[in-house]
Amino acid sequence: MRILYCFYQIVVFLPVFIISTILTALEVAIGCTIGNGHFWSYYPGRWWSKVVVRTLLLPIKVEGRENLEEKQSYVFVANHQGAFDIFLIYGYLGRNFKWMMKRSLRKIPFVGFACERSHQIFVDKSGPSKIRKTYEDARRILQQGYSVTVFPEGARSFTGHMGKFRKGAFALADELQLPVVPLTINGSFNIMPRTRDFHFAHWHPLHLTIHQPIYPTGQGSENVEATMRQAYDSVMSSLAPEYQGYVENPDQ
């Protein structure tokens, strides 16, 4: 069965993935240049993510959408198990949002250009002025009514377990007094571990848990710390048993 699934990826999935990625990137770039950026920066990427997941025949389960209010802006924070985190959140969270992503992703052909044209937020840590600009961009996006999605670990897991959370997203939510929504991802590490990038995908269900929003109870460092701890515990609570517990990530 594994051999057949690998063969299927070569003859069906890979051509669909390459063509759909190029077409989506062009659609996003052109659409955001000439028209409604609110629409073009999100929906083509959402459809592309669903095409990728469905073409690989991966089962999807989403829990907790009822926890989100219709017109509320959120700071979404998720564990970072693997590359398929992107497709799961983009395709199935069901909210229009912007990504906060590593600056290095701008170099990905087509995808990086589309992300730039659609005003995704590139995290640049090369100097204090660059860091300030990153958070100014995120602040502006949130003030416009969008939500933002962040991987506060800052790097994918090597083991499927969670590393530590960084404070940036929580400080931003604290400054703007916005709720933080923890997201737990299960299955992405099983499909393609970080140590096997660009290898064949393994068939495995994907599961997204949307937790209750954490609303600010104050403002300042104490609120940031409390929100971060609560978000971390919420994400951890829904991880599969084999990935429970903290494991240090040397890439953080």
Side-chain angles (χ1 to χ4, degrees), residues 2 5-6 8-10 13-14 16-18 20-21 24 45-46 48-64 76-93 97 99-109 111-112 115 120 122-123 149-166 169 181-211 231-232 234-252:
R2 173 65 180 159
Y5 192 50
C6 290
Y8 170 84
Q9 290 179 53
I10 294 171
F13 171 72
L14 190 57
V16 169
F17 177 73
I18 292 172
S20 65
T21 298
T24 300
R46 182 185 181 187
W48 168 68
S49 296
K50 288 188 173 186
V51 166
V52 170
V53 170
R54 289 174 177 172
T55 306
L56 277 174
L57 312 176
L58 303 174
I60 300 291
K61 183 178 181 180
V62 180
E63 293 183 287
F76 294 103
V77 294
N79 60 312
H80 205 0
Q81 277 204 337
F84 279 79
D85 301 346
I86 306 296
F87 304 121
L88 180 60
I89 293 176
Y90 220 164
Y92 296 92
L93 179 59
F97 65 88
W99 291 101
M100 288 188 72
M101 58 179 65
K102 287 184 177 181
R103 181 182 58 163
S104 59
L105 296 178
R106 185 180 280 162
K107 299 177 183 178
I108 299 176
V111 173
C115 289
Q120 308 300 326
F122 291 100
V123 179
T149 298
V150 186
F151 295 114
E153 294 167 276
R156 287 176 293 158
S157 170
F158 285 98
T159 64
H161 297 77
M162 287 171 60
K164 62 185 177 182
F165 276 4
R166 299 176 183 274
V181 179
L183 306 174
T184 301
I185 294 168
N186 280 296
S188 179
F189 182 79
N190 303 79
I191 293 170
M192 188 174 290
R194 181 175 180 177
T195 53
R196 293 184 60 82
D197 280 349
F198 307 111
H199 287 65
F200 288 109
H202 292 260
W203 186 93
H204 196 280
L206 281 166
H207 186 187
L208 177 65
T209 304
I210 304 168
H211 295 275
Y232 192 94
S234 293
V235 175
M236 181 73 77
S237 70
S238 293
L239 274 177
E242 61 265 36
Y243 301 125
Q244 286 285 330
Y246 167 80
V247 173
E248 183 179 0
N249 186 337
D251 199 26
Q252 286 194 300

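Just so we're clear, the structure is a prediction, and the values are computed from it rather than from any experiment.
Atoms CZ and CD1, on Phe76 and Ile210 in that order, are 7.0 Å from each other to the nearest 0.5 Å. One distance of note links OG1 of Thr195 with CE of Met192; it measures 10.5 Å at 0.5 Å rounding. Between Arg106 atom CZ and Met101 atom CE the span is 10.0 Å, to the nearest 0.5 Å. Here Thr184 contributes atom OG1 and Leu208 contributes atom CG; the two are 8.0 Å apart, rounded to the nearest 0.5 Å. Between Glu242 atom CD and Phe189 atom CZ the span is 10.0 Å, to the nearest 0.5 Å. For the atom pair CD (Gln81) and CG (Asn186), the distance works out to 5.5 Å, reported to the nearest 0.5 Å.
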Task: Step-by-step side-chain contact (heavy atoms from CB on, under 4.5 Å) determination, Phe17 to Leu56 - done: CA-CA 10 Å; Phe17 177 73; Leu56 277 174; over 6 Å; no
TODO: Mind running side-chain contact (heavy atoms from CB on, under 4.5 Å) on Phe87 and Tyr92 for me, showing each step along the way?
DONE: CA-CA 8 Å; Phe87 304 121; Tyr92 296 92; over 6 Å; no
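Annotation: ring-ring contact (aromatic ring centres under 6.0 Å, His included) contacts of His161 (sequence neighbours excluded): Tyr243.
For the pair Ser188 (side chain) and Asp85 (backbone), a donor-acceptor distance under 3.5 Å is present.
For Ile89 against Ala78, the heavy-atom pair with the smallest separation is CD1-CB, 4.0 Å. Closest approach of Phe165 and Ala231 over heavy atoms only: CE2-C, 4.2 Å.
Remark: Arg194 qualifies as a cation-pi partner of Phe158 under the 6.0 Å distance and 45° angle criteria applied to the six-membered ring.
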